[in-house]
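Reviewing the structure listed below.
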2 protein chains.
Amino acid sequence: MSYYAEPIMRLIQEFSKLPGIGEKTATRLAVHILNSSNGYAAALAKSLIDVKEKIKVCRECFNLSDKEICSICSDLDRRDDVVCVIEGINDLAAIEKTGGFKGKYHVLHGVLSPLKGIGPDDVKIMELVKKVEKGDIKEVIIATNPNVDGEATALYITKVLKSFNIKVTRIATGIPMGSDLEYIDAATLGMAIEGRREM
Amino acid sequence: MSYYAEPIMRLIQEFSKLPGIGEKTATRLAVHILNSSNGYAAALAKSLIDVKEKIKVCRECFNLSDKEICSICSDLDRRDDVVCVIEGINDLAAIEKTGGFKGKYHVLHGVLSPLKGIGPDDVKIMELVKKVEKGDIKEVIIATNPNVDGEATALYITKVLKSFNIKVTRIATGIPMGSDLEYIDAATLGMAIEGRREM
């Protein structure tokens, strides 16, 4: 590492802290910055500062937004009585891309994970309960990821919402569209058979 | 993309301009920045600005440095009469890591590539000739990459240095250490046989 001048080394170190970026990739990125225009480096630097300064958490759904209430929560065309519970904002973007959901969201900002020491107070579960308590919500769709932590979180949320007279649903697990039964793992295929629907 | 607030979108766009970073990775990096401390975003931003402000090209070897003369050129323990010609600063770091080269470098900042319109005036070849003209250099080791452009550049440099009474050498091509003959491409294996040495 010491073959590079100190400012280059520092940039490599900072890049290496990003997820999925090792020392080699970080070096490649730093060299790219060195070879690109001053304008690009300045624009990237400004975006980094801006995003931390301007982005806040939406008061309603905990989506990230540059306004107090995010664009989805302030959209009058969306249903208020269906709330989709997701782990993070990338899940929100993924669901929005489908174009099939016209309700509101509730971003947990994490999942329960006893192994990592993440309990119910570390994610926005109580905030969801308070939202449901108001009485306007008819259905909560739990769209946490179908893995150990996501499933545990889904079960926990189902439990805490049991006392309310609302529908609590879970997104379907099964074989992905366009895939081959032959290559699907047994757990997924098992869930697909268990969750079969009438034609 | 429009599911994110404008400052997040802008950061994703800026990240996407980095080499090897597509929209998905850029989004993951942006979300990481959102979830990390303000300090980290500020440090990365500062490094980006610093590297463009402080890094200049070494007057001697065209390595990138925060000084007029880079640390390698100003190192009195290194030989002045052997110069290793490389394409870019990442090659310099790669060779330094071997610890086996104690001469100086000459960074071309590119290779000849007629297809990309890069000619001899676009890389630091004349500067190398001027260095050799001074008469102190005994050997020039050409360490451009062993691909079409790198080989063409090596041949071109050999030609322009022909009139000088110095040794011009090329790093060896052959099978990498620890590899299996069976899995080596024919071109490399051919070069390895052609370049065989006496035991």
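Note on naming: letters A, B, ... go to the chains in the order of the sequence lines (proteins, then strands), and numbering restarts at 1 for each one.
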Side chain from CB out, backbone as N, CA, C, O: work out which of these in B/Ser37 comes under 4.5 Å of a heavy atom of chain A, or both, or neither.
-> backbone
Side-chain atoms of residues 39-49 of chain A: list all donor-acceptor pairs with protein atoms under 3.5 Å, sequence neighbours left out, distances to 0.1 Å.
residue : atom : partner : partner atom : Å
A/Tyr40 : OH   : B/Glu14 : O            : 2.6
A/Lys46 : NZ   : A/Asp50 : OD2          : 2.9
A/Ser47 : OG   : A/Ala43 : O            : 2.8

Is it the case that more than 12 heavy atoms not belonging to B/Lys167 sit under 6.0 Å from its NZ atom?
-> no
B/Ile166-B/Tyr156 co-clustered via ILVMFWY side chain contacts under 4.5 Å = yes
For B/Val31, is it the side chain, the backbone, both or neither that has a heavy atom under 4.5 Å from a heavy atom of chain A?
-> side chain
If one checks every heavy atom of B/Ile21 against chain A at 4.5 Å, the contacting part turns out to be side chain
Measure the spacing between CD1 of B/Ile55 and CD1 of A/Ile33 and express it to the nearest 0.5 Å.
-> 13.0 Å
Close contacts, residues 59-69 of chain B versus chain A, judged by heavy atoms under 4.5 Å | B/Leu64, B/Ser65, B/Asp66
Relative to chain A, which of B/Asn35, B/Asn38, B/Leu18 shows the most heavy atom pairs under 4.5 Å?
-> B/Leu18
Do B/Met126 and B/Val140 share a hydrophobic cluster, counting only Ile, Leu, Val, Met, Phe, Trp and Tyr and linking them when any side-chain heavy atoms are less than 4.5 Å apart?
-> yes
Who wins among B/Glu53, B/Arg10, B/Lys24 for the most heavy-atom pairs under 4.5 Å with chain A?
-> B/Arg10
Relative to chain A, which of B/Pro19, B/Ser36, B/Ala30 shows the most heavy atom pairs under 4.5 Å?
-> B/Pro19
Do other residues, nucleotides or ligands put more than 12 heavy atoms under 6.0 Å from the NZ atom of B/Lys138?
-> no
Residue selection (most heavy-atom pairs with chain A, distance under 4.5 Å) from B/Leu11, B/Ile72, B/Leu29 = B/Leu11
By a 4.5 Å heavy-atom criterion (distance strictly below it), what part of B/Lys17 contacts chain A: side chain, backbone, both, or neither?
-> both
Part of residues 101-123 of chain B lying next to chain A, heavy-atom separation under 4.5 Å | none
Is there a path of hydrophobic side-chain contacts, each under 4.5 Å between heavy atoms of I, L, V, M, F, W or Y residues, that connects B/Val168 with B/Leu128?
-> yes
Would you give the length of the straight line joining atom CD of A/Glu6 to atom NZ of B/Lys54, rounded to the nearest 0.5 angstrom?
-> 7.0 Å
Shared ILVMFWY cluster between A/Ile125 and A/Phe164, side chains joined below 4.5 angstrom?
-> yes
Going by residue number, which parts of residues 83-94 of chain A are within reach of chain B, meaning a heavy-atom gap below 4.5 Å?
-> A/Ile89, A/Asn90, A/Leu92, A/Ala93
Over 12 non-hydrogen atoms of neighbours within 6.0 angstrom of CG in A/Asn165 | no
Consider only side-chain heavy atoms of I, L, V, M, F, W and Y, link residues closer than 4.5 Å, and tell whether B/Ile171 and B/Val148 are in one cluster.
-> no
